[in-house]
Amino acid sequence: MDKFQTPKNRIRKLRVLSLGDKPCEFKYSGKNRNTTLIDLSSNDYFGLSRDKDIINAAHETSLTEGLGSGSSRFISGSRPIHKLLESNLCKWLHQDSVLLFPSGFQANIAAIQALADKNTIIIADRLIHNSLIVGSKASGAKLIRFLHNNLEDLEDKLSKYSINNNSILVIVESLYSMEGSIAPIENITKLCKKYNCKLLVDEAHALGILGPNGKGLSNPFLDSINIISGTFGKAFGSGGAFLAGNKKIGELLVQTSSPFRYTTALSPSLAAGALRSLEKIKNNHNLGTDLLSISKRWKKEIENIGKYEVIGDAHILSLIIGDEDKTLSLQKFLEEEGFLAVGIRPPTVPSGKSRIRLTMRSSFNTNILKNFVSALKAYK
Ligand SMILES: Cc1ncc(COP(=O)(O)O)c(C=O)c1O
């Protein structure tokens with residue numbers, strides 16, 4: 001046996017989940033059974049990770065460019081596909097500069113490093129993603145949190161900390177990954193202008209779906225935003241990420257960003273897959289709106305059961321259960337009913353706010369919804 005191979009019993013303990021042939025199914029190899037679950041938990045909103053065109057684009061590129069890039073962008077890792085994806089994103093988003101990163105986590109750390117240092121005060125939404133917290137801490141800046149999506153609290157903090165001409169960076173997500181809530185981006189940009197501070201918006205979950213033709217919720221306000229971060233690991237069904245901004249920010253990142261300079265460049269196949277996904281998203285204007293209609297129907301039907309508090313403004317819905325054990329018990333019950341609906345618990349969400357997080361998919365038909373609602377009704 002290859003000494004790096006994971007022993008079989010270890011895999012079992014980790015619960016092997018692999019994608020089935022259909023875009024919303026997971027094949028599940030549990031301890032005592034082999035079954036297929038409907039996937040209500042991953043962020044492959046349009047099922048593009050299973051799209052044949054996209055897989056073919058990735059495959060063809062890997063045959064000519066290699067699977068991995070083999071080096072950083074500045075050594076020998078740059079490929080024409082990287083430049084092509086960057087320039088297509090620039091055009092699509094109407095941005096001067098787009099730079100690719102191997103992951104959104106890394107991109108967020110780079111974005112904060114470019115906009116903040118130990119003399120900066122970062123004022124961030126209470127519910128930002130862990131990568132943004134890690135990036136804020138790594139920058140050496142002082143980190144202050146404001147109440148989730150609360151403009152009054154944000155303004156209180158801005159007026160308090162903007163005395164003495166402090167350098168301030170505000171960090172928000174456009175669609176929050178666990179709440180499914182939409183940030184009031186326009187009003188946030190107005191406050192940032194009023195208090196003369198910088199703004200970073202993470203569009204990870206909105207990109208491809210929300211905003212004008214899926215360009216993200218911050219797209220109409222680009223002039224007032226310093227950096228936008230996006231990932232290909234969600235609606236794009238690929239992997240990797242990017243930062244977008246003006247020419248000056250682009251140059252600063254190229255010249256000084258260690259998370260950009262000192263890492264193996266994004267796999268050419270993933271870049272090719274992301275580019276093909278971008279074409280699909282651009283050419284199918286209804287993808288996002290159709291997904292939102294599906295989500296609206298799911299929210300209404302689940303609320304109609306009368307037993308569950310459902311939150312979420314777009315394609316991420318959460319059933320707030322509160323207690324951790326109860327959340328796990330519902331997850332287990334749903335699994336037995338054929339659904340992969342993973343419970344999210346602290347520290348990922350605040351204590352007492354454990355939940356079943358549901359991510360909507362273009363492929364969800366009325367039958368899936370009907371069966372899911374029946375399962376929720378049957379749960380005692
Ligand atoms: C809001 C948000 N930002 C950034 C990331 C990180 O993106 P990636 O998975 O590409 O590292 C995630 C992924 O979970 C996310 O939810």
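Order of listing sets the numbers, starting from 1, for every ligand and every atom in it.
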Checklist line | Numbering as shown, the atoms of ligand 1 that approach F105 to under 4.0 Å (heavy-atom distance) | finding: 6 (C), 7 (O), 8 (P), 11 (O)
Check: Considering only heavy atoms, does N108 approach ligand 1 within less than 4.0 Å through its side chain, its backbone, both, or neither?
Finding: side chain
Notebook entry, point to check: Does R276 come within less than 4.0 Å of E60, counting only side-chain N to carboxylate O?
Noted result: no
Note to self: Would K234 count as a contact residue for ligand 1, given that I'm defining contact as a non-hydrogen atom of the residue lying under 4.0 Å from a ligand atom?
What the structure shows: yes
Notebook entry, point to check: Going by the order shown, which atoms of ligand 1 are within less than 4.0 Å of some heavy atom of S103?
Noted result: 10 (O), 11 (O)
Next item on the list: Below 4.0 angstrom from a heavy atom of E173, which ligand 1 atoms are there? Numbered from 1 as shown, please.
Entry: 1 (C)
Checklist line | Side chains of E279 and N88 in contact at under 4.5 Å (non-hydrogen atoms) | finding: no
Next item on the list: Check A204 against ligand 1 and report side chain, backbone, both or neither, counting heavy atoms closer than 4.0 Å.
Entry: side chain
Notebook entry, point to check: Of T231, L175, D202, which has the heavy atom at the shortest distance from atom 4 (C) of ligand 1?
Noted result: D202
Next item on the list: Decide yes or no for L278 and F236: does some side-chain heavy atom of the first lie under 4.5 Å from some side-chain heavy atom of the second?
Entry: yes
Item checked: Residues E203 and K234 bridged, charged N to O under 4.0 Å -> no
Next item on the list: Could you list the atoms of ligand 1 found under 4.0 angstrom from a heavy atom of H205?
Entry: 1 (C), 15 (C), 16 (O)
Next item on the list: List for me each residue that meets side-chain contact (heavy atoms from CB on, under 4.5 Å) alongside A271, sequence neighbours excluded, and say none if there are none.
Entry: I81, H82, L85, L266
Note to self: Residue-level breakdown please: for Q106 versus ligand 1, do any non-hydrogen atoms fall below 4.0 Å on the side chain, on the backbone, on both, or on neither?
What the structure shows: neither
Margin query: Tell me whether R361 is salt-bridged to D39, with the criterion being a basic N under 4.0 Å from an acidic carboxylate O.
Written below: yes
